[in-house]
Amino acid sequence: MLWTDTKLGSIAVEGKTLGTDEWTNTPSSILSAISRRLHLQKDHPLSITRQLIESCFPGFKCHNSLSPVVSVQQNFDSLGFPPDHPGRRPSDTYYINRNTVLRTHTSAHQADTFRANQSDGYLITADVYRRDAVDRSHYPVFHQMEGARTWDRTRVNSVRLAQVINDDIARMPTHDISVLDPNPTIDPEHNPRQMQHSVEETELMTMHLKRSLENLIVKIFDKARKAAMASGDTDPYFQEPLKVRWVQAYFPFTSPSWELEVFWGGDWLEMLGCGIVKQELLNNAGVPERIGWAFGLGLERIAMLLFSIPDIRLFWSQDPRFLSQFRAAHSKGHPEDTTITRFSPFSKHPACYKDVAFWIPKTSSSAGGNVGANTQDFHENDVMELVRDIAGAKVEEVRLVDTFVHPTSGRKSLCYRINYRSLERTLTNQESNELHEKIRAALVERLGVQIR
Ligand code: FA5
Ligand code: MG
């Protein structure tokens with residue numbers, strides 16, 4: 001398999017040495033991303049976006065340097081993920097060892113941050129890691145920003161807490177965009193209120209949460225529109241009013257829960273997940289007197305909207321033609337005063353599509369169960385990772401284009417289309433052929449498939 005080199009022994013991450021075991025599935029290409037800290041790099045679009053978002057939440061305490069190496073307890077257990085939740089699978093998550101993962105979301109720090117109880121509101125910006133598909137808006141390493149706002153029941157007469165939240169809402173700015181929000185706040189079957197919260201409290205916290213996030217998106221979009229105008233761009237997208245919608249969602253650590261989507265690039269793009277924090281989480285974190293909301297947003301998704309950056313891989317570019325295009329506000333200036341300049345593509349290189357079709361190996365064990373990463377059955381994310389491992393940023397997209405089950409033998413065959421395209425230069429025919437050959441060979445060698 002891919003990670004036999006780290007199977008026995010240890011991995012050094014951030015100056016710490018961690019033992020590996022049969023769960024270890026983190027390749028060195030992923031480990032090497034840890035030191036990049038794009039969200040803290042001056043003038044990087046992710047850093048500019050982070051500061052702009054931070055300016056939308058005055059008074060919130062900001063955490064920007066929490067280690068990505070967390071325990072399974074922090075990433076999953078503390079948030080109430082059931083033992084068989086798919087997110088825990090080694091096909092989806094990078095394990096350092098049985099008890100240690102690279103955080104898959106910034107929510108891994110919720111319990112600890114609530115426990116520290118340093119402020120009513122906090123923001124956490126960090127790199128997160130997921131074995132995921134490769135395309136224009138998905139990447140295995142990306143950045144999230146977590147935000148939470150809680151109210152202390154003991155600081156006010158509990159009868160009046162609703163009034164306090166109401167007053168907080170009255171002080172918030174309003175906006176005039178149209179928001180699609182067809183579902184009731186509380187839907188007993190699909191999106192229930194928690195027993196510990198009254199209907200009024202749930203409604204008010206939700207209003208505060210949704211208004212905070214809508215205001216954030218409005219601010220980002222206004223900046224993006226100004227940047228587009230300033231560059232003389234006539235993209236009709238920016239002439240039309242911003243369209244956003246709320247969608248019911250499910251997270252083990254919030255209820256009710258939602259996702260916010262923004263219409264962008266001809267489609268609805270999911271920006272964030274959020275909801276009312278499960279009271280059990282706050283109780284377990286030693287702050288049973290607090291109630292409140294939390295959200296987690298994809299920083300790249302927001303930055304793509306803000307700067308009109310069309311491809312998520314660009315954020316990892318070290319090319320000065322990319323990096324020199326962005327400038328944060330003067331150190332004495334307020335982040336809100338930053339003038340956003342729209343990204344201008346520095347080159348367009350041709351795409352090169354190549355297909356690979358193969359029979360997948362027969363299932364060797366029943367799927368699921370408590371097996372380590374190295375004994376799992378065939379999984380699509382293994383293909384994604386293998387391609388990334390071999391071709392890195394020279395692949396723009398890997399897409400399943402055909403599935404076939406043999407009528408008599410029952411064997412299953414898959415065909416993937418790989419788009420070879422570099423953002424920085426034109427790949428030669430020979431180069432993409434060689435990459436494709438290497439990928440074919442590795443599919444056989446590492447995943448045991450049979451090429452058709
Ligand atoms: C979460 O990660 C939850 N922790 C969010 C949350 C926090 C809910 C607090 C409730 C309370 P989700 O898996 O949907 O949820 O990811 C959140 C956002 O990260 C997505 O909306 C999307 O904007 C971004 N995102 C997810 N996967 C990727 C990816 N592979 N590449 C880039 N961005 C991604
Ligand atoms: Mg989601």
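All of these numbers come straight from a predicted model, not from anything done at the bench. Every number for a ligand or one of its atoms is a count from 1 in the order of the listing. As a basis for the values below, the full set of heavy atoms in this structure was taken, side chains included, without hydrogen atoms, waters or symmetry mates.
Smallest separation of non-hydrogen atoms from L281 and A111: CD2-CA, 4.1 Å.
Ordered by chain and number, E259 OE2, E270 OE2 make up the set of protein N, O or S atoms under 2.8 Å of the Mg ion (ligand 2).
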### Message
Before you tell me yes or no, could you show the steps for F326 and S47 under side chain to side chain contact (heavy atoms under 4.5 Å, CB included), namely the whole-Å CA-CA distance, both residues' side-chain angles and the distance that decides it to 0.1 Å?
### Response
CA-CA 10 Å; F326 312 99; S47 173; over 6 Å; no
### Task
Decide ring pair (Phe, Tyr, Trp, His ring centres under 6.0 Å) for W316 and H44; before the verdict, give the C-alpha distance in whole Å, the side-chain angles of both, and the deciding distance to 0.1 Å.
CA-CA 10 Å; W316 297 91; H44 193 278; 8.1 Å; no
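Looking only at distances, a side-chain donor or acceptor of S32 sits under 3.5 Å from a matching main-chain atom of S29.
A 4.5 Å side-chain heavy-atom check between L180 and V244 finds every atom pair outside the cut-off.
Here R88 pairs with D77 in a salt bridge; the nearest charged N to carboxylate O distance falls below 4.0 Å. Salt-bridge annotation for R446 and D382: absent, with no side-chain N of the basic residue lying under 4.0 Å from a carboxylate O of the acidic one.
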Could you go through ligand 1 and note, for every N or O atom, any protein N or O atom closer than 3.5 angstrom, writing the atom names and distance to 0.1 Å, or 'none'?
residue  : atom   : partner : partner atom : Å
ligand 1 : 2 (O)  : R130    : NH2          : 2.9
ligand 1 : 2 (O)  : Q144    : NE2          : 3.1
ligand 1 : 4 (N)  : H105    : ND1          : 3.0
ligand 1 : 4 (N)  : S107    : OG           : 2.8
ligand 1 : 13 (O) : R130    : NH1          : 2.9
ligand 1 : 13 (O) : R130    : NH2          : 3.0
ligand 1 : 14 (O) : E270    : OE2          : 3.1
ligand 1 : 16 (O) : Q144    : NE2          : 3.3
ligand 1 : 19 (O) : Q144    : NE2          : 3.3
ligand 1 : 21 (O) : E270    : OE2          : 2.6
ligand 1 : 21 (O) : L272    : N            : 3.3
ligand 1 : 23 (O) : E270    : O            : 3.2
ligand 1 : 23 (O) : M271    : O            : 3.0
ligand 1 : 23 (O) : G298    : N            : 3.4
ligand 1 : 30 (N) : D132    : OD2          : 3.1
ligand 1 : 30 (N) : Y139    : O            : 3.3
ligand 1 : 31 (N) : Y139    : N            : 3.3

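Dense packing is recorded around NZ of K354, with more than 12 heavy atoms of other residues, nucleotides or ligands lying under 6.0 Å away.
Proximity of the aromatic rings of Y139 and Y129 is defined here by a centroid distance below 6.0 angstrom, and this criterion is not met.
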